Amino acid sequence: MSSINLAVLLVLGLLLVTAQQSMQMSLRNPTAEIETSNCKIAFLRLGLVFTSDNNEKALLDSGLYEPDSENPSVDIAGRRFHIGTLNNSLIIYVKTGSHSVNVATAVQILLLRFRTSGIIFFGSSGSLDEKILVPGDVSVPKAVAFTGVWEWKKFRSEEGKLVFGDFNYPENGENLLGTVEYETINMFSPSESPKKVFWLPITTSWYNAATKALKDLKLRQCYSDECLPGKPKVVFGSKGSTSDFYIRNKAYGDFLNDNFNATTADTASASVALTSLSNEKLFVVFQGVSNVAGRTSSDSGVSYLASYNAFLAATKFINSIPTPRLACE
């Protein structure tokens, strides 16, 4: 074999090895090059999570988000993860889509594939108690729960918290739907055995930090030509209900409020909480109130204000906490 042919084979062999190593690295972590190329300083980023186009519009309309100039986004499992800064704080954001399984999947990918110090969720919710929360307000709950996980009992069972016969109209009585018992869920974590839980507590240190950071936050009252009837406010210490059904029924909203002391309902917060807790990550939730259960749905202007005010709360919180960084590995 000539020396030229041998040299060609050696070069091809080196290229093949390099390609295989690159492919293996990409399979392990397709975002690795974002953090470590050219031995740049690698940063722990905050994960910003929301569900809807309205939420993303609030983020982009603010003018506070700046995409990374070299790696502005990464697509994983059909979801786009955006890398950049929010008012100079390092973040990665993802729009998860609605419903608990989509939210949990997106948060899990975010925690597995990126160096994140914690998860900040902001989004819209419905009020279950308009004496406390009205459209435009922002709720910072202290705990959230899945209230859509049911065991449907046999007809005439004496067990079950939700008794459908109690809601017969015009008089209470028997109902073929019987009763429903609200179930706990299994929470897994790397440091302890699985356990059954109902309420999922927000990270105490971040909740406390939020109460300080948002104490004097001024929320937006008007959008375009539409204004809220009153000055919106931030409410701390509530409990939130999460399920995969949108609650428009006042009687059921009152039931959740009376029996669980829940003041908001959404389709995402408990998924963020469970996934974060299972990964032992810090997290906090900001819910903008867009409607009240049992009342006519809010129009697009009020819904946008709910998203924007929740975004303002999330941004103020993000800018109030330090973002740690790591040296290149």
Side-chain angles (χ1 to χ4, degrees), residues 49-52 54-55 96-104 107 121-150 152 161-164 166-167 180-185 197-202 207 232-276 283-300 302-307 309-311 313-314:
V49 175
F50 48 81
T51 65
S52 72
N54 231 14
N55 302 150
T96 66
S98 60
H99 300 110
S100 57
V101 66
N102 287 325
V103 177
V107 174
F121 172 76
F122 82 90
S124 299
S125 66
S127 170
L128 302 180
D129 187 349
E130 59 183 324
K131 296 189 297 294
I132 298 174
L133 289 163
V134 296
D137 290 347
V138 174
S139 172
V140 186
K142 205 166 188 178
V144 292
F146 286 105
T147 55
V149 184
W150 294 355
W152 215 304
K161 184 181 288 288
L162 174 58
V163 180
F164 286 98
D166 291 347
F167 297 90
V180 160
E181 186 61 72
Y182 288 78
E183 294 194 303
T184 57
I185 56 173
V197 298
F198 186 78
W199 289 109
L200 302 164
I202 308 300
Y207 173 80
K233 61 189 180 297
V234 181
V235 175
F236 300 98
S238 57
K239 289 182 177 180
S241 158
T242 292
S243 64
D244 277 329
F245 39 83
Y246 190 86
I247 299 173
R248 298 181 183 274
N249 184 279
K250 185 180 187 305
Y252 186 60
D254 290 344
F255 173 86
L256 290 174
N257 182 243
D258 293 340
N259 287 271
F260 298 108
N261 199 27
T263 55
T264 59
D266 74 355
T267 61
S269 295
S271 292
V272 173
L274 181 64
T275 311
S276 299
F283 75 100
V284 68
V285 169
F286 302 100
Q287 301 173 329
V289 176
S290 60
N291 66 289
V292 177
R295 285 178 32 183
T296 302
S297 296
S298 299
D299 59 29
S300 58
V302 174
S303 294
Y304 179 77
L305 282 171
S307 288
N309 284 341
F311 165 74

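Position 1 is the first residue of the sequence; numbering continues from there. As a basis for the values below, the full set of heavy atoms in this structure was taken, side chains included, without hydrogen atoms, waters or symmetry mates. Predicted model only: the values in this text are computed from it and were never measured.
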Checklist outcome for this item: d(K142 NZ, I202 CD1) to nearest 0.5 Å is 11.0 Å
Item to check | K233, NZ: over 12 other non-hydrogen atoms inside 6.0 angstrom | outcome: yes
Item to check | Under 3.5 Å: donor-acceptor pair, side chain of N257, backbone of G253 | outcome: no
Checklist entry - Where do T96 and F121 land on the side chain to side chain contact (heavy atoms under 4.5 Å, CB included) test, with the steps shown first? => result CA-CA 11 Å; T96 66; F121 172 76; 5.9 Å; no
Item to check | side chain to side chain contact (heavy atoms under 4.5 Å, CB included) between F260 and L128, intermediate numbers included | outcome: CA-CA 11 Å; F260 298 108; L128 302 180; over 6 Å; no
Next on the checklist: Between Y252 and L162, is the side chain to side chain contact (heavy atoms under 4.5 Å, CB included) condition met? List the steps.
Outcome noted: CA-CA 9 Å; Y252 186 60; L162 174 58; 4.0 Å; yes
Next on the checklist: If the test is side-chain hydrogen bond (donor to acceptor under 3.5 Å, both in side chains), which one of S127, S125, S139 qualifies with S238?
Outcome noted: S139
Checklist entry - When the ring planes of W152 and W150 are compared, do they come out parallel, tilted or perpendicular, using 30° and 60° as the limits? => result perpendicular
Checklist entry - How far apart are the closest heavy atoms of L200 and A270, and which atoms are they? => result CD1-O, 3.6 Å
Next on the checklist: For G136, is there any backbone N or O sitting under 3.5 Å from a side-chain donor or acceptor partner on N309?
Outcome noted: yes
Checklist entry - Does the pair I185 and V197 meet the rule for a side chain to side chain contact (heavy atoms under 4.5 Å, CB included), with working shown? => result CA-CA 6 Å; I185 56 173; V197 298; 3.9 Å; yes
Item to check | Spatial distance of atom CG (N261) from atom CG (L256) [nearest 0.5 Å] | outcome: 11.0 Å
Checklist entry - Which value, rounded to the nearest 0.5 Å, describes the distance between F255 atom CZ and K250 atom NZ? => result 14.5 Å
Item to check | Euclidean distance, T147 OG1 relative to K239 NZ, rounded to 0.5 Å | outcome: 12.5 Å
Next on the checklist: Show the nearest heavy-atom pair for residues T51 and N55, with the distance to one decimal.
Outcome noted: N-OD1, 3.3 Å
Checklist entry - Step by step, would you call F311 with F50 a ring-ring contact (aromatic ring centres under 6.0 Å, His included)? => result CA-CA 10 Å; F311 165 74; F50 48 81; 8.8 Å; no
Item to check | Atom pair CG/CG of D137 and L305 - distance to nearest 0.5 Å | outcome: 11.5 Å
